[in-house]
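Contents: one structure, followed by commentary.
Chain letters run A, B, ... following the sequence lines, proteins first and then strands; every chain starts at 1. Computed over heavy atoms, backbone and side chain alike; hydrogens, waters and symmetry mates excluded. Remember, it's a predicted structure, so these values are computed and weren't measured experimentally.
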There are 2 protein chains.
Amino acid sequence: MVLGAVRRAGQPSRTEIASVTGLSNSTISAISADLIAEGILAETKSEIASLKRGRPQVAIALNAKAATVVSVVLSLDHLSAATIGYSGEVIVQEDRRLHTLSMSEEELLAECVDIIRKVVARSPHAGPVLRTGLAVQGVTDSAARRLLWSPITPHQNIAFADRIEEVFAVPVSVENDCNMIAEALRWRDPERYRNDFIAILLSHGIGMGVMLKGKVFTGTHSSGGEFGHMIHRPGGALCRCGRHGCVEAYAGNYAIWRNAHGHDENERPVDGIGDEDIRAIAERARTTEGPERAAFRTAGEAIGYGLGNLFALIDAAPIALVGVGASAFDLMERSVRQAIAKTVGGLHSEAISFDTEGNEMQLTRQGSTMQALAFIDNEVFAPQTRDSEVVQSSRIA
Amino acid sequence: MVLGAVRRAGQPSRTEIASVTGLSNSTISAISADLIAEGILAETKSEIASLKRGRPQVAIALNAKAATVVSVVLSLDHLSAATIGYSGEVIVQEDRRLHTLSMSEEELLAECVDIIRKVVARSPHAGPVLRTGLAVQGVTDSAARRLLWSPITPHQNIAFADRIEEVFAVPVSVENDCNMIAEALRWRDPERYRNDFIAILLSHGIGMGVMLKGKVFTGTHSSGGEFGHMIHRPGGALCRCGRHGCVEAYAGNYAIWRNAHGHDENERPVDGIGDEDIRAIAERARTTEGPERAAFRTAGEAIGYGLGNLFALIDAAPIALVGVGASAFDLMERSVRQAIAKTVGGLHSEAISFDTEGNEMQLTRQGSTMQALAFIDNEVFAPQTRDSEVVQSSRIA
DNA sequence: ACACTTTTTTCGAGGCTCGAAAAAAAGAGC
DNA sequence: GCTCTTTTTTTCGAGCCTCGAAAAAAGTGT
């Protein structure tokens, strides 16, 4: 709790921590003394001229060398890893291009292990590595140990956590990229993205991260939130997943490309439609009425109905759009809102806010990092005696 | 925690409580002594012959007169209320027929107040009323204070909790009926319905209660889970809510009736299709191929696609079917499963279990009762110092 | 009656939190 | 430079909750 407060506030005084956490000054004093003795926190000379009378506040900060986390982001043809100090600063980062679709499971694992080894080796003065967070495009299990399915590789059910832990003996979590984006948004802009919001990644596929009541929402077994594969039109357009009528089959990169080029909606999805292709189509759509503009309208409609169905279950919430599709949202907003208006969400169709947020890679990494750091805060440095579980089961509600 | 354990176990000994809760014997001894002194628990002469050597166990039970809850269930043209003792036994029950659709908001409120007054008056020897639970068909707010929208009345946003609290000075909660059904199922059959399952009410409208990770799932602002108004076919059949293509517009009583009679799917929904009508149509569907059988197929398809979309978000989970439609599930199962197979849920399409559970009214009441009793356990008799909220906000995850 | 078994209570200790009081570390005023 | 004031931080004792160990209680078996 104290660690969380310090992480959030940066360099708070003990008094500030007390007011944020609601604990008394004496308690904070005792706890921070312990944590400083353990080398987790440190007093710093605050640069803030006090300007006030009275004993000056002593700023407290996280000790950057108390721990290190490794954050790995794996997406289509791209692998990226970084070491991050306990106070959240990036120490070393490394990026690689690879061809994920053609790699074997073992090659993929080896590549991950190798890049982790590299960035750790290049961080000789960092604290001990206590956690590795792997964010992947695709469906992970809810225990965050496996990649169940992913569009970036033909292999399924890859036990990333187990395999990497075998090598490094550091706890590993495997998380869905969009869930990490949601974490990052909450961290970056808690004003706008507080307890309930939805992050949607519009790219080759369509991903979603849902924050509900301040927690990332996951399914019962998997990371859940497979927004892109909700069925928009039963028996409709052919999706990359082999089914018909998924939202993605209307709003994914390949679907927009397919529609913009006037191809049949049951034509096999084309791989490798890049961001540039979509931007080019968007440019043409902005200048002239034609199949390009219609393609974005169709995409917007699918997204709108999908959101409407989502809102039927969880109520309307602010939306953050990420990815190349977000940059073309001006072409879709109208049809998105029109579609939502035809659903339960339509009650507040005007009030729903859409914001486009920047670089999805950065967001993914930041979310993964913050989650890993929070894990160290809550489970390593301040392990909870988990009786809350028992409370749960004995409660009815 | 102790109260929950006793409620669940019935007449446990102190040792049993200790093993269930995970607390030590000494702690249980101290807590139960306090609770007995307060008159909340009581030692009872257990009828169980000990049969074993050693000091015999002393059974502990909830003191039935420690408190009373009033459980009110409001559904289409029907109002029912009961007083229930602290140990869960029904003291007095009263049912009324009324015509909810034509009543004014004030009449509805007055009727509720009156029936509560009656059942309480007829329970002179009961303990103090400490909680009233109102379960209603329709959308309630997530704070459980208002009925936002309901198919049983044209009025919206009725502040049941405030208005009834004004009269009786007893805390009131207003909950969605299907959420209460889910609570009841978990209570009745924790083997089958443990942490993750879905209760679906197939009746005039279609309701859903979702249990996720052991908690009833609600939306950000409302009770959520408006399964019946997820859009199955954009621009499709006319729904009672005025929109087109809702699941309900294919699978609600009126939709089945409409299709079975060969009417146009855009024909205005007919009120008052009763359970008998549906049963009659089901009977005919079972004997001969024809529009009746097709109607159930269509209904099953809508439900299946709806479930598939739900599973895309939360993963597959066991399903409990309630209401008249459940009795005709044999006519729908095939098309339900076929539809699910065409969605993300299709991965485990065969493994998904469907069970039909009995009387929805009874389930609703029981869920409402258990929730009210749990409220008394956790908030009145053992109020928590709610710092978990602070923990939440200072955590990242 | 006595030994044995199992449940329940008692007792002292440890951990965490708090409020009140004391101590520390400045600025303000003379 | 000294004292007063203000604010932060620490110290101290108390209260609450939980636990383990030991003791007490209440039966059964012989």
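Atom CD1 of B:I28 and atom CD1 of B:I60 lie 9.0 Å apart (nearest 0.5 Å).
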A:F217/B:I314 under side chain to side chain contact (heavy atoms under 4.5 Å, CB included): CA gap, chis, key distance, verdict: CA-CA 9 Å; A:F217 179 78; B:I314 67 166; 3.4 Å; yes

From CA spacing to verdict: side chain to side chain contact (heavy atoms under 4.5 Å, CB included), B:I40, B:N63: CA-CA 5 Å; B:I40 298 170; B:N63 177 2; 5.9 Å; no

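For DNA chain D, the neighbouring residues in residues 24-34 of chain B, judged by any heavy atom under 4.0 Å, are B:S24, B:S26, B:T27, B:I31.
Checked against D:dT10, C:dT9, C:dC18, the side chain of B:R14 finds its nearest nucleotide in C:dT9.
The shortest distance between the side-chain N/O atoms of A:R53 and the OP1/OP2 oxygens of C:dG29 is not below 4.0 Å.
When rounded to the nearest whole Å, the span between CG of A:L35 and P of C:dC16 equals 11 Å. C:dT6 atom P lies 15 Å from atom CD of B:E16, rounded to whole Å. At whole-Å resolution of the value, CD in B:E43 and C1' in C:dT7 are 12 Å apart. Here C:dT17 presents its P atom at 8 Å from CE of A:M1, a figure rounded to the nearest Å. Put simply, CG on A:L23 is 15 Å from P on D:dT9, counting in whole angstrom units.
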Pairwise N/O distances under 3.5 Å, protein to nucleotides 22-24 of chain D:
none

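Aromatic ring pairs are classed by plane angle as parallel below 30°, tilted from 30° to 60° and perpendicular above 60°; the pair B:F381 and B:Y86 is perpendicular.
Of all non-hydrogen atoms in B:D315 and A:H221, the two that sit nearest each other are OD2-N, 2.8 Å.
No donor-acceptor pair under 3.5 Å is formed between the side chain of A:T364 and the backbone N or O of A:I181. Within the 3.5 Å criterion, the main-chain N or O of A:K213 finds a donor-acceptor partner in the side chain of A:D196.
Screening residues 11-29 of chain A for salt bridge (Lys or Arg N to Asp or Glu O under 4.0 Å) gives A:R14-A:E43 as the qualifying pairs, with residues at least two apart or on separate chains.
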